[in-house]
Amino acid sequence: MVAKAKKTLVIVESPAKAKKIQSFLGPGYEVLASYGHVRDLPSKAAEIPEKFKKEAWSNLGVNVEQDYEPLYVIPKDKKDRVKQLRDSLKNADELLIATDEDREGESIGWHLIELLKPKVPVRRMVFAEITKDAIQRAINDTRELDENLVAAQETRRVLDRLYGYTLSPLLWKKIARGLSAGRVQSVAVRMLVERELERAAFRSGSYWDLAANLKSGESTPFDAALQTVGGRKIASGKDFDETTGQLKTDANVLLLDEAAATELRERIEKSDWSVAEVETRDQKRNPYPPFTTSTLQQEANRKLSLSARQTMQIAQKLYEEGHITYMRTDSVSLSNEAVSAIRRTIDKRYGHDYLSPQTRTFSGKSKNAQEAHEAIRPAGTAMQTAKELGLSGGQAKLYDLVWKRSVACQMAEARLKFQTVTIKADDAEFRATGRHVEFPGFFRAYVEGSDDPEAALDDTESALPPLSQGDQLNVEELKALPHETKPPARFTEASLVRRLEAEGIGRPSTYASIIGTVQDRGYVEKQGSQLVPTFTAVAVNRLLQQHFPDLVDYSFTADMEQKLDDISNGDKNRLPYLNRFYSGPSGIDQQVKSKEEGIDPRTACTLKLDNLDPDVRIGRYGPFFEVQSDGERVTASIPNHIAPADLTEEMAEKLIREKKEGPKSLGAHPEEGLPIYIKNGPYGPYVQLGDITEETPKPKRSGIPKSINPEEVDLETAIKLLGLPRRLGHHPDTGKVVNVGIGPYGPYVLHDRKYGSFDKKTHTFEYDGESYNIFNVTLDAACEMLRQSKSRGPAKPLRELGEHPEDKKPVGIFEGRYGSYVKHGRTNATLPKDRDIKEVTLEEAVTMLNEKAAKKGTKKKGAKKKATKKKAAKKKSAKKKT
DNA sequence: CAGTGAGCGAGCTTCCGCTTGACTT
């Protein structure tokens, strides 16, 4: 017997990378993925090993009594991975650690060695790009693991844990259970809350000005705006104080109101209009650097309306399929190979004029970049377009963005000409500005979007006709226009990611999840593309700012990074830093303990806003007003989804008044004789027939669908709503009943367990030129809705396998999102991808189902079940909100 | 599926960064 040939085991972080590297290295190597970190601090009580549970520090997962020794465990979902790596190492005569060349990657490498305890030689290899040459070079040029870098990572990890697990419990006690604080999320929340408070304090100011449409001879008309009158500048938006809505005291400007503007218009309209001065200046624009994770997320949000999470999901697919380079990167640099491929493409597709004469190189300007990867660009050197690759949908759109941005970065600069024309009319001065693209250069491929939807993009053409000094002008139109100053805009996902990155807060792999976290904790709700902080966020932020200002300082992370650099350079030890952060009189442990007594939960939950008189309190069921009225305490819920800055005094008064008066009756039901009320419940507004009494503890109720404004529900509508679900008749095909009603997901028609739905937004259904709603839908229309319905009704198997031997319930093969699966009752088992469904036998299916059931029973029950339940509940409530 | 703004007080919640799977209306 010949001994099996030993291999070199190479471990990288991502399986897609592993596959590619394997193809370069051949059979002498086995390349496997660690799938990120393999060990971590225990995330919850269940993960703490029994023998540490009674230690005072066990909940932290860090032994704060002894040198901040971390307690590392293998998370459940990583156990199999580690086993696989251990097994492979047995057949290896060498181990190459090829994790990313950054702080986290170095740490993953160290953990791997700690866990696998290799008896064979270990080397650390690093590479910046994945080409055959680069990999070969990396293998021949390995180094030692950098212990200092590992120490820096561990310090980061421990600090984040101590921060989060010390402050969060304080929030549970003082504000609400389940809340959280963290180095990154708390600063993100601070940004959002501060903006919201600016909006609440904002007072709008108004001013008028004049807009002229002018013409010189036969040329095209152009627009000009009033600048000065009698040599004095007129007021515009920036001259107003945001918190008073009045002109700033030091603004030496002329404020026009409607009367003044109209009077001025009449006075100068008929005067002589002429060009006083013409100025032109040239400007160049250079292309933007290629995409990083953050800029990709921003642009996909602005241009494709994708959330950060959606962007990353699509990018992940593109990466796995080999279309783009790695999508979690903070680097703007491109490999030489990529640059020349891009330059060839420009030459070919746009022509030589459009090629930047010199190769452009970009340097990262974001704080704390670790640059373990390239920028995001089309993978390889073929530079094929989305169409040529056969991509479709979101993948095509996102790839197209990546392609264009990458190409643009090696293109020629764009040349713009700006014209400024000053125009005189009596003692008034107008100005017209024009912009002309002399040479588009990289604009041909790519123009960056703007966070301000009204801003003109860089390549907008708005040239003025040829004008010269002394030209006489005709007034086509002269209008007096009113203006109002606007509050600062709320953050969007794009602008928040940009701000976080600018402050060096968060990492490419976390931008999307930061937005998810603050939403999950109830700090933020998305309204369209806006991120709106909740009252809870305002209260939490106030508590943190008041008592722990240093921790939520915008520079906290940057300072931490400085300390980590010192540690990774070997200049400093981690111990003094962690000690100062956690222990001693100014450490957070003591700080939290000493401040805890002084923080009154009631005060912490009571808010006073600039835009409102009554106090807002955070309660168990959301925010509510609390006021004293006629010596009585009145509370009134604040409806969900009203942003703190959007609440007005009138809304508050109305809610409180309505609460005091109790639910108002719309009148009596004609048949039942009982009063009908409109009430507000946890699921939104609803109508109720009669009062709650001993005999009828649950009177007939019916929700008011989103498409109907509860304010406008009259007696007639209420009666109709209470008449639901209503029988429409019998289905002509089956003779079974067809009903119409309102469910938790909105209005529906139902027939034989199959649902048909109205339009999600309008709750109507267009059929045969008519528009139907729940009140007037006909049997005919309902049948058509059911025909169009995508709801499957009772699931239809691809193939029936027969009855399960145990309970005689059917077993079948179904088509799911992740391929075919066999189903019995509530148990599902996925079929292997290459399995022909025609060949699956009942016996085989039963075995698979039993295995799956056993796995579920032992391994995942407790924690997993709870998690899915929670998730489902969340989904449900999220759906209702929209 | 429909209040209110606390509960008896068990045992729990929570951080940031790396990575993809498993979800099967």
Side-chain angles (χ1 to χ4, degrees), chain A residues 12-17 33-38 40-41 43-46 59-61 77-78 80-81 99-100 102-105 107-108 111 153 156-172 176-186 316 320 328 505-510 513-514 517 521 557 602 605 617-626 633 635-637 679-688 692 698-699 701-703 742-745 755 790-793 795 814-821 823 828-830 860 864 866-868 871-872 875 880:
Chain A
V12 297
E13 291 179 39
S14 130
K17 219 186 224 183
S34 74
Y35 289 77
H37 279 289
V38 285
D40 193 10
L41 305 175
S43 69
K44 50 177 187 283
N59 187 43
L60 291 171
D77 56 327
K78 291 289 168 61
D80 289 350
R81 300 279 168 219
T99 46
D100 295 349
D102 56 18
R103 199 162 62 209
E104 299 294 326
S107 166
I108 293 172
H111 279 285
Q153 190 279 342
R156 197 279 305 156
R157 181 68 191 91
V158 167
L159 182 129
D160 280 333
R161 169 54 64 90
L162 296 174
Y163 186 128
Y165 279 38
T166 312
L167 284 185
S168 301
L170 182 69
L171 299 180
W172 306 340
R177 53 162 291 139
L179 295 179
S180 64
R183 171 175 59 84
V184 170
Q185 58 167 287
S186 295
Q316 173 91 28
E320 282 170 13
R328 288 186 276 267
I505 298 168
R507 302 276 314 131
S509 65
T510 60
S513 53
I514 294 165
T517 301
R521 298 283 167 275
T557 292
R602 196 189 155 91
C605 286
R617 291 188 53 204
I618 316 288
R620 180 104 146 65
Y621 309 100
F624 62 97
F625 289 117
E626 186 180 60
R633 175 171 163 275
T635 64
S637 275
K679 299 175 84 169
N680 262 307
Y683 302 97
Y686 63 99
V687 290
Q688 175 177 305
I692 298 171
K698 282 202 163 189
R701 289 165 172 151
S702 185
I742 295 175
Y745 306 110
Y755 288 90
K790 277 181 216 122
S791 113
R792 318 179 164 174
F814 293 81
E815 187 60 34
R817 253 195 294 173
Y818 305 94
S820 326
Y821 61 100
K823 183 184 186 73
N828 304 312
T830 310
K860 301 182 174 171
K864 187 95 190 195
K866 211 174 164 185
T868 42
K871 218 173 168 183
K875 241 185 185 168
K880 290 201 165 192

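Letters go in sequence order (proteins before strands), and every chain restarts at 1.
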Using a 4.0 Å heavy-atom cut-off across all strands, classify A:Thr635 as base, sugar-phosphate, or nothing. base
Would you indicate what A:Gly622 reaches in the nucleic acid, counting non-hydrogen atoms under 4.0 angstrom: base, sugar-phosphate, or nothing? base
Between the NE2 atom in A:His37 and the CD1 atom in A:Ile108, the distance rounded to the nearest 0.5 Å is 4.5 Å
B:dC18 P sits how many Å from A:Lys78 NZ, rounded? 13 Å
Considering every strand and a 4.0 Å limit on heavy-atom distances, what is the contact class for A:Leu162: base, sugar-phosphate, or nothing? nothing
Using only heavy-atom distances, decide whether a donor-acceptor pair under 3.5 angstrom links the side-chain of A:Arg328 to the base of B:dC18. no
With a cut-off of less than 4.0 Å, is there a side-chain N or O of A:Arg521 near OP1 or OP2 of B:dC15? yes
Please assess A:Ser107 against A:His111 for the test side-chain contact (heavy atoms from CB on, under 4.5 Å), listing each intermediate value before the final yes or no. CA-CA 6 Å; A:Ser107 166; A:His111 279 285; 3.4 Å; yes
Rounded interatomic separation in angstrom, taking NZ from A:Lys44 and P from B:dC12: 11 Å
Which nucleotide sits closest to the side chain of A:Glu104: B:dT19, B:dG17, B:dA2? B:dG17
Looking across every strand, which nucleic acid part, if any, lies under 4.0 Å from A:Asp77 by heavy atom: base, sugar-phosphate, or nothing? nothing
Which is true for A:Phe624 with a 4.0 Å heavy-atom rule: it touches a base, it touches only sugar-phosphate, or it touches nothing? base
Stacking of A:Trp172 on B:dT13 base (centres under 5.5 Å, planes under 30°): yes
Say you draw a straight line from CD of A:Gln185 to OG of A:Ser168; how long is it, rounded to the nearest 0.5 Å? 6.5 Å
NA contact type, A:Ser180, heavy-atom cut-off 4.0 Å: base, sugar-phosphate, or nothing? sugar-phosphate
Between A:Asn59 and A:Thr557, the residue closer to the 5' end of DNA chain B by nearest nucleotide is A:Asn59
First encountered from the 5' end of DNA chain B, between A:Gly164 and A:Pro623: A:Pro623
For A:Thr517, answer base if it contacts any base atom (sugar-phosphate contacts may also be present), sugar-phosphate if it contacts only those atoms, and nothing otherwise; contact means non-hydrogen atoms under 4.0 Å. sugar-phosphate
Salt bridge A:Asp40-A:Arg161, side-chain N to carboxylate O under 4.0 Å: no
To the nearest Å, how far apart are A:Glu320 CD and B:dT19 P? 12 Å
Please confirm whether any donor atom in the side chain of A:Ser107 sits under 3.5 Å from an acceptor in the base of B:dG17, or the reverse. no
For A:Asp160 and B:dC18, what is the distance between atoms CG and P respectively, to the nearest whole Å? 11 Å
What nucleotide among B:dG3, B:dC16, B:dC15 has an atom nearest to a side-chain atom of A:Arg156? B:dC16
Residues in side chain to side chain contact (heavy atoms under 4.5 Å, CB included) contact with A:Ser637, at least two apart in sequence or another chain: none
Categorize A:Thr99 for me: base, sugar-phosphate, or nothing, with a 4.0 angstrom heavy-atom threshold over every strand shown. nothing
Test item: A:Lys78 side-chain N/O and A:Tyr35 main-chain N/O as donor-acceptor pair under 3.5 Å: yes
To the nearest 0.5 Å, what is the distance between CD (A:Glu104) and CZ (A:Arg507)? 8.0 Å
Which nucleotide in the set B:dC15, B:dT14, B:dT20 lies at the smallest distance from any side-chain heavy atom of A:Arg161? B:dC15
Please state how far atom CG in A:Asp40 lies from atom P in B:dT20, giving the value in whole angstrom units. 17 Å
Would A:Ser34 and A:Arg81 satisfy side chain to side chain donor-acceptor pair (under 3.5 Å), going step by step from the backbone distance to the final call? CA-CA 7 Å; A:Ser34 74; A:Arg81 300 279 168 219; over 6 Å; no
Quick one: which protein N/O atoms are closer than 3.5 Å to N/O atoms of nucleotides 7-11 of chain B? Pair and distance per line, please.
residue: B:dG7; atom: O6; partner: A:Arg620; partner atom: NH2; Å: 2.9

Report which part of the nucleic acid A:Ala181 touches: base, sugar-phosphate, or nothing (heavy-atom distance under 4.0 Å, all strands). sugar-phosphate
C1' atoms of B:dG7 and B:dG3, separation to the nearest Å: 14 Å
Are any of A:Gln688's side-chain N or O atoms less than 4.0 Å away from OP1 or OP2 of B:dA2? no
Would you say A:Ser509 places a side-chain N or O within less than 4.0 Å of OP1 or OP2 belonging to B:dC18? yes
OP1 or OP2 of B:dG17 sitting under 4.0 Å from any side-chain N/O of A:Thr510? yes
Can you check the A:Arg103 CZ to B:dG17 C1' distance for me, whole Å? 10 Å
The reported gap from CZ in A:Arg183 to CG in A:Leu167 (rounded to nearest 0.5 angstrom) is 13.0 Å
Which is true for A:Gln316 with a 4.0 Å heavy-atom rule: it touches a base, it touches only sugar-phosphate, or it touches nothing? sugar-phosphate
Tell me what A:Glu626 touches on the nucleic acid: a base, only sugar-phosphate, or nothing, going by heavy atoms under 4.0 Å. nothing
So, do A:Tyr165 and B:dT14 meet the stacking rule of ring centres under 5.5 Å and planes under 30°? yes
Not counting sequence neighbours, which residues clear side chain to side chain contact (heavy atoms under 4.5 Å, CB included) with A:Ser43? List them please. A:Glu47
At 4.0 Å (heavy atoms only), tell me whether A:Arg183 reaches a base, stays on the sugar-phosphate, or touches nothing. sugar-phosphate
Hey, is the side chain of A:Arg157 pairing donor to acceptor with the base of B:dC15 inside 3.5 Å? yes
Determine the Euclidean distance between corresponding C1' atoms of B:dT13 and B:dG9; express it in Å to zero decimal places. 16 Å
Whole Å only: how far is the CD atom of A:Gln185 from the C1' atom of B:dT13? 13 Å
Over how many whole Å does the gap from A:Asp102 atom CG to B:dG17 atom C1' extend? 10 Å
Which part of the nucleic acid, if any, lies within contact of A:Gly36, taking any heavy atom under 4.0 Å across all strands shown: a base, the sugar-phosphate backbone alone, or nothing? base
